[in-house]
Number of protein chains: 2
Amino acid sequence: MKPVKEIAKTISASGLKITPQRIAVIQALEKLEHPRAEEIIREVSEQIPGLSPTTVYNTLDALVSKKIIRKVHTEADVMRYDAIPDHHHHLYCMQSDRMDDYFDPELDKLLEDYFRKKNIKGFRLKEVKLQLMGEFENKDKTSVEKNA
Amino acid sequence: MKPVKEIAKTISASGLKITPQRIAVIQALEKLEHPRAEEIIREVSEQIPGLSPTTVYNTLDALVSKKIIRKVHTEADVMRYDAIPDHHHHLYCMQSDRMDDYFDPELDKLLEDYFRKKNIKGFRLKEVKLQLMGEFENKDKTSVEKNA
DNA sequence: TTCTAACTTGTATTTATTACAATGTAGAAA
DNA sequence: TTTCTACATTGTAATAAATACAAGTTAGAA
């Protein structure tokens, strides 16, 4: 676990104020593995009785905006559905929340070859999904179609 | 848009019963782009007044389990956080909801080269995130560490 | 045509997250 | 060190996505 001093420095360097809550949140983030907010709240509450869940949400948002931590696995907080069951990836723009399909058999082949050679210890790989994060160059939904 | 007949056949072939609600949900899925449940509910409600949101959720779950459609962008419905701001990917097991970090500079290099050559029309790519879906071979959290 | 498992509905809950007003405090400036 | 204020925290309440469940309905097999 990182020393408190170092954590404090990181917080301070980003322009945020150092508070016991923030330090504890970062410590929890390091101790737990990809925790959800609720787990962090539970963990931090042990050290800081009377902690408000709102504080944890605020803190997480603040840390994310300063790029000290990341949100993972999803950018939007809701489930989305896809009518196309064939294997494909997604282009996604966080600003607009727009998502387009991306087909690229050449890339799939490349990845397949790569992971056939590379063995990930302790993990049986079944499927590789890519999220291509970026920005769409115009608003027209049909402009990026089946990206060949 | 696919003809109703074909949609009906797909539903039937999977062992599910053909209902107006299910056909309308699939049509909505094709019309809308990666809709969230709420958008589907709104769309389908126009054709089927008195539609229950529960039906849409049930239908989506049924279609997903039959692999007629997919859930995208997230498998769990909650936000998760990551203390490591460095670029890395994730190993994820849907069954256990376990997620591990995955570092692979060689792969990143490969992808960087690939996308430098390949220009995605209408999209300015900023970051490539991989979700490696599969199963962990044992329950020990520390067994898959910094996967070299 | 009958019958039953499968499906839909509607209400009530649960749970994650956000809004907001009041209070408290970190840390810059005096 | 003390003061001061913008930034943080708290707590309550509201919102919204998703689920549970009991009751009624229907697809489609027999």
Side-chain angles (χ1 to χ4, degrees), chain A residues 4-5 7-26 28 32 34-45 47-66 68-69 71-81 97, chain B residues 4-5 7-26 28 32 34-45 47-66 68-69 71-81 97:
Chain A
V4 172
K5 223 174 172 180
I7 294 173
K9 213 158 93 181
T10 306
I11 295 171
S12 194
S14 74
L16 296 172
K17 287 184 179 170
I18 300 165
T19 68
Q21 289 87 346
R22 283 176 177 172
I23 290 177
V25 165
I26 293 180
L32 307 170
H34 303 100
R36 44 201 68 182
E38 180 265 328
E39 295 173 84
I40 298 167
I41 293 165
R42 188 152 20 89
E43 178 73 22
V44 175
S45 290
Q47 291 159 66
I48 303 180
L51 172 81
S52 171
T54 306
T55 299
V56 174
Y57 282 107
N58 287 343
T59 298
L60 291 170
D61 286 349
L63 296 175
V64 168
S65 78
K66 298 297 183 184
I68 295 170
I69 65 170
K71 285 186 182 180
V72 289
H73 207 225
T74 173
E75 278 71 33
D77 56 341
V78 288
M79 214 63 106
R80 296 176 70 171
Y81 296 86
D97 197 41
Chain B
V4 172
K5 223 174 172 180
I7 294 173
K9 213 158 93 180
T10 306
I11 296 172
S12 195
S14 73
L16 295 173
K17 287 184 177 170
I18 300 164
T19 69
Q21 289 86 347
R22 283 176 178 173
I23 289 177
V25 165
I26 292 179
L32 307 170
H34 302 100
R36 44 201 68 184
E38 179 264 331
E39 295 174 84
I40 298 167
I41 292 166
R42 187 152 19 90
E43 177 74 21
V44 176
S45 290
Q47 292 160 66
I48 303 179
L51 172 82
S52 171
T54 306
T55 299
V56 174
Y57 282 109
N58 287 344
T59 298
L60 291 170
D61 286 349
L63 296 175
V64 168
S65 78
K66 298 297 183 184
I68 295 170
I69 65 170
K71 285 186 184 181
V72 289
H73 208 223
T74 174
E75 277 71 34
D77 56 339
V78 289
M79 213 63 106
R80 296 175 70 171
Y81 296 86
D97 197 40

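Excluded from the calculations below are hydrogen atoms, water molecules and symmetry mates; all remaining heavy atoms, backbone and side chain alike, are included. Lettering follows sequence order; numbering is per chain, from 1.
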Neighbours of DNA chain C within residues 16-24 of chain A, by heavy-atom distance under 4.0 Å: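 Result for residues 16-24 of chain A: A:Lys17, A:Ile18, sorted by number.
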Nearest-Å distance for atom pair [atom1]/[atom2], residues [X] and [N]:
X       : N      : atom1 : atom2 : answer
A:Ile40 : C:dT17 : CD1   : P     : 10 Å
A:Ile41 : C:dT18 : CD1   : C1'   : 12 Å
A:Ile11 : D:dA8  : CD1   : P     : 10 Å
A:Glu38 : C:dT14 : CD    : C1'   : 13 Å
B:Asp61 : C:dA6  : CG    : C1'   : 15 Å
B:Ile48 : D:dT25 : CD1   : C1'   : 14 Å
B:Asn58 : D:dA22 : CG    : P     : 15 Å
B:Leu51 : C:dT9  : CG    : P     : 5 Å

Inter-axis angle, terminal five-pair segments of the helix from C:dT1-D:dA30 to C:dA30-D:dT1 [nearest 10°]: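 The end axes of the helix from C:dT1-D:dA30 to C:dA30-D:dT1 are about 30° apart, to the nearest 10°.
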Under-3.5 Å donor-acceptor pair between B:Thr54 side chain and D:dA18 base: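 There is none.
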Toward the 5' end of DNA chain C, by each residue's nearest nucleotide, B:Gly15 or B:Gly50: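 Comparing both residues, the 5'-ward one is B:Gly15.
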Nearest-neighbour nucleotide for the A:Tyr57 side chain, D:dG11, C:dT17, C:dT8 considered: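 Looking only at heavy atoms from C-beta outward on A:Tyr57, the closest nucleotide is C:dT17.
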Close side-chain approach of [X] to [Y], heavy-atom, < 4.5 Å:
X       : Y       : value
B:Leu16 : B:Leu63 : yes
A:Thr10 : A:Ile26 : no
B:Val44 : B:Thr55 : no

